[in-house]
Chemist: 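Got a structure for you, questions after.
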Amino acid sequence: MNKNYVLSALLLSGFAQAELVGLNESSLEDVSGQTGIGINFDKIISIGSFTYSDDDGPSGGDLQFKDINIGNPADVTGTMAHSQHLIDVDATGGLFIDSLFEATRLQIGGISVGSHIGSRSFGQFIFDFEGTNLLQIGGATPSGFLINSTTSLKNADFIWSTNGASFHLDNLTIDRNLTDAVFEEKSIGPTQTALVIDITKYSSSTTVDGVCFSSADCGVGESFGSFSREINLINSQIQMHGGGREGEGLTMNMYFEFDESVNATGDGNVSSYTDEATIKLAKQSGNVTVTGFTFDIGRSEALIGDHVALQFDQVIGSYKVGSLEIAGASMGAFEMQFDFSDATHDTVLYQNKLLLAPGIAFAGEAFNTGNTNFDAFMTNFYSKVTSTSDGISLFNEWNMTADFIYTDDGNSLRVDNYLTYGNGYTTLDVRTGDLSIDSSNSTTESFLAVGVRDYKVNYKIDGLRVGSENSQLQNGYELLGFSPEAEFTMNAAIEIRAGGAVGNGITFDGDVLLSEANFALTKSNNVGVYLDDASYEFHFRDVTLDVDNQGIKLVLGELWSEFTVDDVRFGDKNSGSSLGGLIVKRYQTGSEVLINAGGATSKCMDGTGADAAACGTDGGYWLDTGTEGITIASKQILQKRVGSKENSATWITGRTVNDNGTPGITADDYYEANTGNQLKVDNIYTSDGYDDTNTHGIQTTFSVDVAKTRVLKKTTGVDVNGITGNKGDELISTGTGVADYVYVATPDAAQQANRPTSLVISSNTQIKELNAESIQLIHANALATPTTLIHGVKLQNLNLSSTLSVTPIR
Amino acid sequence: MLQRIFLTTALFSAFSMSQAELADLTESELSDVSGEGIALVFEDFQIEMKGEVMGGDTGNYFKITGIKDSSANDVSVSIGQYYLSGTGSNLGTALDGKLVNLGRLNNPITIDVLDGNSLSGGTGSWTDKSVLAIAMPTQVAAANGYDCTAASSNVGSGTCSSRPDNADGNGFHGERFDMGYRINREFTDSTKDVNLNFHAQSANMDGSYLRLWGSDSSDSSQAMKMEIQMNFYANKLVFDSCELNGVTACGEQVGFENFSMELALGDAKYYQPMTIDVTDTGFLHIMVQPLPAPGDARVPKASTGTIAADGLEAGSDGTSWNWYKDYYTNGRKTNISVSNLTVGSESFGSSSLQGLQIQYLEVTSHEI
Amino acid sequence: MKFKYCVLVIMLSLVAQLHALELMNDEGLEKVTGQNGVSLSGELSFNEDGGPLTDTIDPDGVGSLTSTWGACSDAQASRCGARLSVKLNKDTGSQGWYVLDEMKGKISFEGLTIKSREITATDTFGGDENDIGSGMTVLEIGLPDKIKYENFSYNVATSSTARPTDVGFTQQVRYGVDFNGSVNMQGNMLVFPTGNP
C-alpha cells in the first residue's frame with residue numbers, strides 16, 4: 001500500500017511542527033473536565049516512497065524518500081509501535097494534544113535526488129525513540145496562533161548506513177521547550193507574505209551517550225565519547241515562504257538570540273564532549289540573523305549531478321563562548337563576529353551554499369592532481385566504492401569575513417579582519433573495515449570515509465590587535481605558528497574511526513595534499529615574505545585523539561610529509577624576488593601533542609624575585625599570566641630515514657628558467673627539473689643521548705597568554721603614533737585607542753597597573769640529542785653523488801626556555 | 001690579534017679576490033650573482049660592549065677564557081671595550097650618532113650556493129660541485145668604485161664599493177666602519193695585568209669571501225674544503241697600551257696608515273683547498289693541501305705529465321708545464337701593504353709584501 | 001574601521017612635518033610610514049640548571065665515565081650545559097669533532113622588531129635607494145637596543161668523539177667565552193634575495 005502521508009512531525013525537528021512534549025500532571029490540570037478525545041495508535045506503517053518536488057519546468061526536481069517503515073524497533077515491519085494521544089481543549093479555549101510514544105522506529109530505506117533516483121542513495125536512515133510530547137495551540141493577541149510545546153525523548157538512536165556499514169548516535173536524550181511562540185501568516189515586504197514564527201523563549205537539552213560505527217549499541221572503547229548540548233534562545237524569529245532561489249522551493253529568514261541570563265550561574269548555554277575528561281564550550285552567547293535561506297532541488301552540477309541546494313544570502317552575527325574548558329580548567333573566552341555574504345574576488349563570485357547529492361561522485365575514478373605519488377593514494381581510496389554505492393557527495397562554497405577575539409583573564413587578543421572564501425567537493429560514506437587504505441587496521445571496525453577533492457581555500461587576516469579593537473595592528477602570528485594569508489587547493493582521503501588510544505576517542509588515518517599553494521610567512525601592509533608555488537603532501541596513520549585529565553591528547557602514530565616551495569618571494573606574493581626554493585621532509589613516529597587550558601606561570605622578568613614586590617625592588621617587573629591561557633606540549637620523535645621517508649631540509653637556488661615559449665610573459669615560466677644547486681641538511685633524527693634509543697624526541701611546551709608587560713621606548717623622540725618620549729621610558733596606557741598612552745621615565749604603582757596588554761609567548765624546548773647525518777652540497781650534474789660538507793652534527797642536552805612579549809612597533 | 005680580526009670577520013664572514021686578478025674574476029662573479037641567494041645589509045648600525053673596568057655598567061665583563069700560563073694558572077682575556085661604528089668615533093670614545101651601513105642594496109653581503117662550473121672557468125676542484133659562498137660586498141670596476149683606504153674619496157678613485165663618509169659630498173655616512181678592541185690580559189696575579197688596544201679607522205672588507213665545498217668517496221680527502229679571501233683595508237690601524245681603564249696614561253701609539261691586507265688561503269682552481277678538521281685524538285688540524293705533483297691525474301697533460309729535472313719547458317710535458325706556470329703566475333696570492341708606519345710622532349715610511357703564495361701549510365695543535 | 005583613518009591622518013601630517021625636523025633620524029622617518037610588524041622583548045635561558053640528560057648511563061659497560069651529565073647544582077655531575085658537535089672529515093685518523101661545549105646562561109633583549117619593508121625613494125642609502133628601483137622588499141629585523149648576557153658562557157673545543165660518554169673520549173678546550181652584561185646596539189639588519197627574481 002503506497003500512501004503519501006506528510007509525516008513532518010517526526011521527520012523535521014523545526015519549531016513549526018507539532019513537537020513531542022512530556023505528559024505531566026500539571027498540564028492535565030488545565031484540561032477542562034474530563035472531556036476530550038483519547039487515541040491509541042498502534043501502528044505498522046510502510047510507505048513505498050514519498051516525493052517532494054519543486055520541478056516547475058525550467059528548474060527544480062524531485063527529492064525522494066523510499067521504503068519508509070514505521071513500527072517497533074524490534075521488528076519494524078512485523079511488530080507494532082504504540083502511542084497514545086489525548087486531545088482536549090484547555091481553560092483558555094486552546095487546543096491541547098498530549099502524546100506518549102512507546103518504542104518507535106522510523107526507517108527510511110533510501111533518499112535520492114533527481115536523475116540519481118533509482119541508482120544512487122544517501123544511504124539508509126533509522127530513528128528510534130520513545131517519549132512524550134505536549135502541544136498547546138491557542139490564540140495569540142492581536143492575531144495568530146500561540147504555541148507552547150514540551151518534548152521529552154529518551155532511548156533514542158539515529159543510525160545512518162551505507163553499503164553495509166553504519167554510523168550510530170547511541171542513546172540520545174532530547175528535551176525541548178517552546179514557550180509562547182506566535183505562528184502567523186503576515187506580510188514581510190511590499191509583495192511578500194510569509195509564515196512568521198515569533199519565539200519568546202526556546203530551550204533544548206540534548207545528550208548523546210555514544211557515537212560509533214556499528215548498528216548495535218556502542219561498546220566501551222568503540223565510541224567517540226559522549227556529547228551534550230544545552231541551549232536557551234529568546235526573542236527569536238523564523239519567517240518561511242514559498243519560492244526558492246530558482247522557481248519553486250522554500251525560502252526562510254531567521255533571527256536567533258542566545259538567552260545570556262542563564263550564563264550567570266553554572267555553565268549556562270553549553271556544549272560538551274566527554275571522553276575520560278570533558279571539553280566544554282560553556283556560557284555561550286550571541287545572535288545570528290539569516291537572510292534568504294533557500295531550499296531547492298538543483299540540476300546537473302558539474303561533478304555531482306542533481307542535488308539538494310541549500311543557500312543563504314547572508315548570515316551575520318556574533319557567537320561567544322564565555323569559557324572554553326578542558327579537563328576542568330578554563331582556557332579563556334572565544335568570540336567570533338562573522339558575516340557570510342556574497343562577494344567577488346578576482347572576477348569570480350563566491351556565495352554561501354551547500355549542494356548535496358546522493359552516492360559517491362568520484363567512486364572508481366583515477367586521480368590526476370599533478371603529484372603522481374599522491375594520486376596513487378586517492379585512486380586507491382576511491383577504488384573501494386562504486387558508482388552505485390551509497391553516500392553523500394557535497395559541493396560547498398563560502399565567503400566570510402570575521403573577527404576572532406580571545407580573552408585570557410580579561411585581556412583580549414583580536415585576530416582582525418579575517419576573510420575566507422572558496423569552494424570544493426567532499427564525499428562522505430561509512431565503510432566496513434576491510435576497505436581501509438591501511439591494511440593494519442582492524443577489518444571488523446567500520447569507519448567514516450571522507451574524501452576531499454579540489455577544495456580551493458583562500459584566507460587572510462590583517463593582523464592582530466591586543467587589548468581592544470582599537471589597539472594598534474601588529475604581527476606576532478609568525479610565532480603562534482600560523483600564516484596570515486594563504487591559498488591552496490586541497491585533496492584528501494581521510495578515514496575516521498571511533499575509539500582512541502585509551503578507551504573512547506577518535507582515530508584518524510589519511511593522506512592529504514595541499515597544492516598550488518601560496519603561504520605568507522609574514523607581511524606588513526601589502527608586502528611580505530611568501531612561500532609561492534608550494535605543495536604540501538602529508539600522510540598520517542593511527543593518529544588518536546583522547547581527552548583525559550591532562551587535556552586533549554593527540555598521539556600521532558606515524559606521520560610523513562614533504563613540503564616543497566618553488567620560490568620564497570619577497571614583495572608581492574606571486575611576483576616578488578625569489579630567494580630560491582625549499583624542500584622540507586618530515587618523518588616521525590610516536591610523537592604526541594597535548595593541549596590544555598592554563599598558560600604560563602607568572603614570573604619575574606628582567607630581574608629576580610618570587611613575587612611582585614621583590615621583583616620590582618630588583619628592577620624587574622612581575623608578569624602576571626593569570627590562570628587562563630593556552631598551553632600546547634609536544635613531543636616530536638624524529639626517525640632516521642626509511643626508504644623515501646626522512647627528515648631533511650634543502651635549499652635550492654640557481655635553477656634554469658624555461659620561458660615556456662613565451663619570452664615576454666613570465667607568469668607561465670617554470671624551473672627546469674634537475675637544475676640548480678642544493679644545500680641539504682640530511683637525515684635529521686633524535687635520540688636519547690647515549691646510543692640509538694629514541695623515546696625522548698624534541699619536547700616543547702608552548703604557552704600563549706595575554707597579559708600586561710613592560711614596554712620600553714627604543715629611541716628618544718616621536719614615535720609612530722606621534723607620542724614623544726625618551727629612550728628607556730615605559731609605555732603607560734591611558735585608554736583603549738591606538739594612541740592612548742604616554743611615556744613615563746619611572747612609573748609609580750598606579751601607573752604600573754596600566755602597563756600595556758601584550759601577547760606573551762612562553763616556551764621550553766628540551767632535546768636530549770638531535771642529529772643530522774650530514775650537510776651536503778648537491779650539483780645538478782652530480783645528483784646521484786651529493787658531496788658532503790659536514791659529516792655529522794650532534795646537539796645534546798639542550799634546555800632552552802624563553803618568554804617573549806610580542807607588541808606592535810611604535 | 002689576528003684571532004680577533006678573524007673573529008670579527010667570521011662574524012660578517014666574507015672574503016674576495018685580490019686586486020691583481022680583479023679584471024678576470026669580476027666577470028665570472030657577476031654571472032654567479034644572477035643566481036638566487038640571500039643578501040644582508042646592516043643599516044645605520046652600531047654595536048658596543050663595554051666592561052665595568054672601562055666605564056660600562058656595574059657587573060659587566062666579557063671574557064675569553066681557556067688559556068693557561070706556564071704555571072697552569074688561568075689567564076683570561078677580558079674585552080674591556082669592543083665597538084663597531086661609523087667613522088669619526090675617535091678611537092671608540094665618541095660613538096654617539098656614528099652609524100655605518102655594512103653592504104649596499106646593490107652590493108650586499110651574500111650567502112649563496114654557487115655552481116662551481118661558473119667559478120674558476122670550470123676547471124679545478126670546483127668542477128661539477130656546488131659551492132656555499134659567504135661574501136662581503138664585491139669589489140667593482142675602477143670607474144664605479146672608491147679608493148679602498150682613503151678616508152674620503154669620490155667615485156672612480158678605486159675598486160672598493162664601500163663608500164667613505166660623505167663620498168661625492170652626498171652627506172651619507174657610508175659603508176666604512178671604525179672598529180676597535182680594548183683588551184686587558186688578566187692573570188691570577190693581578191699585578192701582571194696588561195692593557196692592549198687595537199683600533200681600525202674607516203675600514204672595510206670588500207672582496208672578502210669564504211667558499212666551502214664538500215667531497216664524496218671518490219675524492220682523495222673527505223675533509224670540508226675551503227677557499228678564503230680575507231681582505232681588510234683601513235685608513236689607519238692604531239695600536240697602543242694604556243691603564244686598565246683603556247684610556248689614561250697611554251703609551252706611544254703605533255699607527256699603520258693606509259693599511260691594505262689581501263690574504264689568500266686555499267686555491268680551488270689548482271687543487272689546493274684549505275681544510276680544517278679534528279684528529280681522532282681530538283687535536284685541531286689545519287692544512288692548505290699541497291699542489292698536485294706532476295703525473296697526478298688532476299694535472300692536465302699531453303702524454304706523460306712529467307716535468308724535467310731542471311724545470312724547463314724543453315724536457316717537460318708541455319700541457320702540464322703550462323699548468324704549473326699558470327699556477328705560479330696566476331694562482332691566488334697574498335698582498336699586505338702599509339703606506340706609512342708611525343710610532344708616536346715618528347714616521348718610518350711605507351712597506352709592502354706582495355705576491356705571497358702559500359704552496360703548502362699544515363698546522364696541528366698538541367698538548368703542552 | 002574609523003580609527004584606521006585617524007591613524008592615517010596623524011601619520012600623513014607627521015610625514016609632512018618631518019622634513020623640517022632635523023632631529024628626526026632615519027629610523028624615525030621609516031617607522032612613521034610603516035605599519036604592522038612586531039616588536040619582541042624577552043629572555044632566552046639556556047640550561048639554567050642543566051638539561052634533560054641527567055643519567056650516568058655507561059652504555060658500553062667498560063667502566064667509569066670521565067664525563068657525567070647532571071644538573072648544574074649537582075656537584076657530582078661534570079657537565080650540565082648544551083653541546084653542539086660537528087664532524088668536518090671522514091678520513092681515517094681525522095674523525096674528531098669540533099665542539100661548542102657547556103653552553104649555558106641567559107640572554108635577554110628589548111625591542112627586536114621584525115617587519116616587511118618596501119625600499120622607497122624616501123629611504124636613505126646614500127643614493128642606492130634610487131638606483132635599485134622602487135618596490136624592492138626586504139625583511140627588516142630591527143636590532144634590539146641592548147642584549148643583556150647573564151653568566152652566559154660556552155667553550156670551543158676539539159674532541160675525539162661526539163658524545164662525552166662515548167668510548168675513547170678526550171677533548172681539548174681551544175678557548176671559552178664568558179659574558180655578563182649588556183651589549184648596546186642599534187640599526188637594522190635587512191634580509192632580501194640577491195640577483196634577478
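Letters A, B, ... are given to chains in the order of the sequence lines, protein chains preceding strands, and every chain is numbered from 1.
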Chemist: Sorted by first residue and then second, give each salt bridge (charged side-chain N to carboxylate O under 4.0 Å, His left out) pair with at least one member in residues 98-110 of chain C; sequence neighbours left out.
Modeler: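 Qualifying pairs: C:E43-C:K106, C:R79-C:D101, C:R79-C:E102, C:R83-C:D101, C:E102-C:K104.
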Chemist: Where on A:K727 is there a heavy atom nearer than 4.5 Å to chain C: the side chain, the backbone, both, or neither?
Modeler: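 For A:K727, side-chain heavy atoms alone lie under 4.5 Å from chain C.
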Chemist: Looking at every heavy atom in both C:A162 and A:Q796, which two are closest together, and how far apart are they?
Modeler: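 Answer, listing the atom of C:A162 first, then A:Q796: O-OE1, 3.9 Å.
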Chemist: When rounded to the nearest 0.5 angstrom, what is the spacing between CD1 in C:I107 and OG in A:S802?
Modeler: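 The CD1 atom of C:I107 sits 11.5 Å away from the OG atom of A:S802.
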Chemist: Rounded to the nearest 0.5 Å, how far apart are CZ of C:F46 and CG of A:N797?
Modeler: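 These two atoms lie 13.0 Å from each other.
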Chemist: Which heavy atom in C:P193 sits nearest to a heavy atom in A:S578, and how many Å separate them?
Modeler: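 Closest heavy-atom pair between C:P193 and A:S578: CB-O, 3.2 Å.
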Chemist: Looking at A:Q766, A:K768, A:H696, which has the largest count of heavy-atom pairs under 4.5 Å with chain C?
Modeler: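 When all of A:Q766, A:K768, A:H696 are compared, A:K768 has the most.
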Chemist: To the nearest 0.5 Å, how far apart are OG in A:S774 and NZ in C:K87?
Modeler: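 One gets 11.0 Å once the value is rounded to the nearest 0.5 Å.
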Chemist: Do A:F570 and C:M136 come close enough that some side-chain heavy atom pair is under 4.5 Å?
Modeler: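 They are not in side-chain contact.
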Chemist: With rounding to the nearest 0.5 angstrom, report the OG1 to CD distance, A:T715 to C:Q186.
Modeler: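 Here the rounded value is 9.0 Å.
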Chemist: What part of A:T693 gets closer than 4.5 Å to chain C, counting heavy atoms only: side chain, backbone, both or neither?
Modeler: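 Neither part, no heavy atoms under 4.5 Å.
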Chemist: Would you say the side chain of C:D166 lies within less than 4.5 Å of the side chain of A:Y690, judging by non-hydrogen atoms?
Modeler: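 Not in contact.
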Chemist: Should C:I114 and A:N475 count as side-chain neighbours, where that means a heavy-atom distance under 4.5 Å?
Modeler: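 The answer is no; the side chains never approach within 4.5 Å.
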Chemist: For the interface with chain A, which of C:V86, C:N47, C:L84 has the highest count of heavy-atom pairs at distances below 4.5 Å?
Modeler: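 Heavy-atom pair counts peak at C:N47.
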Chemist: Considering only heavy atoms from C-beta outward, does the side chain of A:T522 approach that of C:K115 to under 4.5 Å?
Modeler: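 Side chain of A:T522 against side chain of C:K115, heavy atoms only: no contact under 4.5 Å found.
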Chemist: Give the member of A:V793, A:T788, A:T807 that has the highest number of heavy-atom pairs under 4.5 Å with chain C.
Modeler: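 Most pairs with chain C among the choices: A:T807.
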Chemist: Please flag which part of A:D688 lies under 4.5 Å from any non-hydrogen atom of chain C: side chain, backbone, both or neither.
Modeler: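 Just the backbone, heavy atoms under 4.5 Å.
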Chemist: I'd like to check A:L479 versus C:L40 (side-chain heavy atoms, cut-off strictly below 4.5 Å). Are they in contact?
Modeler: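 Yes - at least one pair of side-chain heavy atoms lies under 4.5 Å apart.
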Chemist: Quick check: do C:S41 and A:S805 have side-chain heavy atoms less than 4.5 Å from each other?
Modeler: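 Contact flag for C:S41/A:S805 side chains = yes.
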Chemist: Quick one: what part of A:E769 sits under 4.5 Å from any heavy atom of chain C, side chain, backbone, both or neither?
Modeler: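 The side chain, not the backbone.
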Chemist: Would you find more than 12 non-hydrogen atoms of other residues, nucleotides or ligands less than 6.0 Å from A:D669 atom CG?
Modeler: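 Atom CG in A:D669 is packed in, count exceeds 12.
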Chemist: Determine the option with the most heavy-atom pairs under 4.5 angstrom with chain A, choosing from C:G51, C:S108, C:G50, C:C80.
Modeler: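 Among the listed options, the one with the most contacts to chain A is C:G51.
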Chemist: Run the side-chain contact (heavy atoms from CB on, under 4.5 Å) check on C:F109 and A:L804 step by step: do they pass?
Modeler: CA-CA 9 Å; C:F109 57 91; A:L804 297 179; 3.6 Å; yes
Chemist: With a 4.5 Å cut-off on side-chain heavy atoms, are A:N799 and C:P52 touching?
Modeler: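 They are in contact (side-chain heavy atoms under 4.5 Å apart), so the answer is yes.
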Chemist: Which pair of heavy atoms, one from C:G37 and one from A:S524, lies closest together, and at what distance?
Modeler: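 Closest heavy-atom pair between C:G37 and A:S524: N-OG, 3.7 Å.
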Chemist: Going through the checks in order, is the side-chain contact (heavy atoms from CB on, under 4.5 Å) test met by C:T113 and A:K714?
Modeler: CA-CA 10 Å; C:T113 63; A:K714 204 169 165 183; 4.3 Å; yes
Chemist: Kindly compute the distance separating NE2 (A:H791) from CG (C:N89), expressed to the nearest 0.5 Å.
Modeler: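 So the gap between those two atoms works out to 5.5 Å.
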Chemist: Do you know the tightest heavy-atom contact between A:V529 and C:S116?
Modeler: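 So the two residues come closest at N-OG, 4.2 Å.
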Chemist: Do the side chains of C:S39 and A:V806 get nearer than 4.5 Å, heavy atoms only?
Modeler: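 No, every pair of side-chain atoms sits at 4.5 Å or beyond.
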Chemist: For A:Q337, does the CD atom sit with more than 12 other heavy atoms under 6.0 Å from it, leaving out its own atoms?
Modeler: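 For A:Q337, atom CD is crowded (more than 12 foreign heavy atoms under 6.0 Å).
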